[in-house]
Amino acid sequence: MSNSRQGIGMTSARTRERLVQRLIDQGIRSDIVLNQIKNVPRHLFVDEALASRAYEDTALPIGLGQTISQPFIVARMTEALLAGFEGESVLEIGTGCGYQTAVLAPLVKKIYTVERIRELLTKTRQRLRDLDIYNVQFRPGDGWEGWRKYCPYDGIIVTAAASSMPEKLLQQLAPGGRLIIPIGPKGKQDLTMVVNHPDRFEQVSLGPVSFVPLVKGK
Ligand code: SAH
């Protein structure tokens, strides 16, 4: 962790508390999730030039046309995933800079994460190691395929917007497991939760969101 990034003020406890309070005001209730938002150093996930804005509740560019998710959305998705969580393993699609991964990692046993841009994955692997996060396994690849090897997963979280429900992700979901995924075209995305019941997949809408697209193919 470089010293130049500390002591500028943006890492101060007060700045982070303000973000947490904002998320509480917006309806985030889970203490373990709020605690993670407070503890994960989001300024280390963005370019130094944007570090002063890291604790604003907004998505920010991280290069290569990608973004770091808005803290409220990360909290909302994490909370929704964990509300029904009785298992151990989570599949994450769209690793990006790894912020969502870092928020979730201490709250579950194991995360398997898939990202199509190798360059991002290399940096993120190192970043999470620097933060002493070791229960994450990374894979370059196409998230539409999921990650068969370690399925079924108790939870699946997708942090890019799919044009339709990815069938293979449903197939890799454990009984009782839940999938959190934004679905729909730009400007009309709906955050969707799917619960795998014995006799059916229950689908619940969690509200409108705005993500970069889950790209099809290589
Ligand atoms: N989870 C990140 C945000 C990720 S942005 C955070 O916490 O900030 C979405 C990511 O999904 C991008 O890195 C993008 O490259 C990746 N992505 C898009 N389509 C994909 C696909 N088909 N398979 C895997 N990753 C994909």
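One-based numbering, in listed order, for ligands and for the atoms of each. Values reported hereafter were calculated over all heavy atoms of this structure, with side chains retained and with hydrogens, waters and symmetry mates removed. Heads up: numbering here begins at 1 and tracks the sequence.
No option in I157, T95, L104, L128 other than T95 meets the side chain to side chain contact (heavy atoms under 4.5 Å, CB included) test with T113.
Contacts of ligand 1 (protein heavy-atom distance under 4.0 Å) are Q66, T67, I68, S69, G94, T95, G96, C97, Y99, Q100, V114, E115, R116, I117, L120, G141, D142, G143, W144, T159, A160, V212, P213, L214, V215.
Proximity of a side-chain donor or acceptor of E92 to a complementary backbone N or O of I111 within less than 3.5 Å is not detected.
Residue pairs that meet the side-chain hydrogen bond (donor to acceptor under 3.5 Å, both in side chains) test with at least one member in residues 164-182, sequence neighbours left out, are E145-K168.
For E119, the CD atom is loosely surrounded, since the number of other residues' heavy atoms within 6.0 Å does not exceed 12.
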(message) Between T124 and E115, is the side chain to side chain donor-acceptor pair (under 3.5 Å) condition met? List the steps.
(response) CA-CA 10 Å; T124 298; E115 165 61 52; over 6 Å; no
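Both tests do not hold together for R18 against Y55: distance to the six-membered ring centre under 6.0 Å, angle to the ring axis within 45°.
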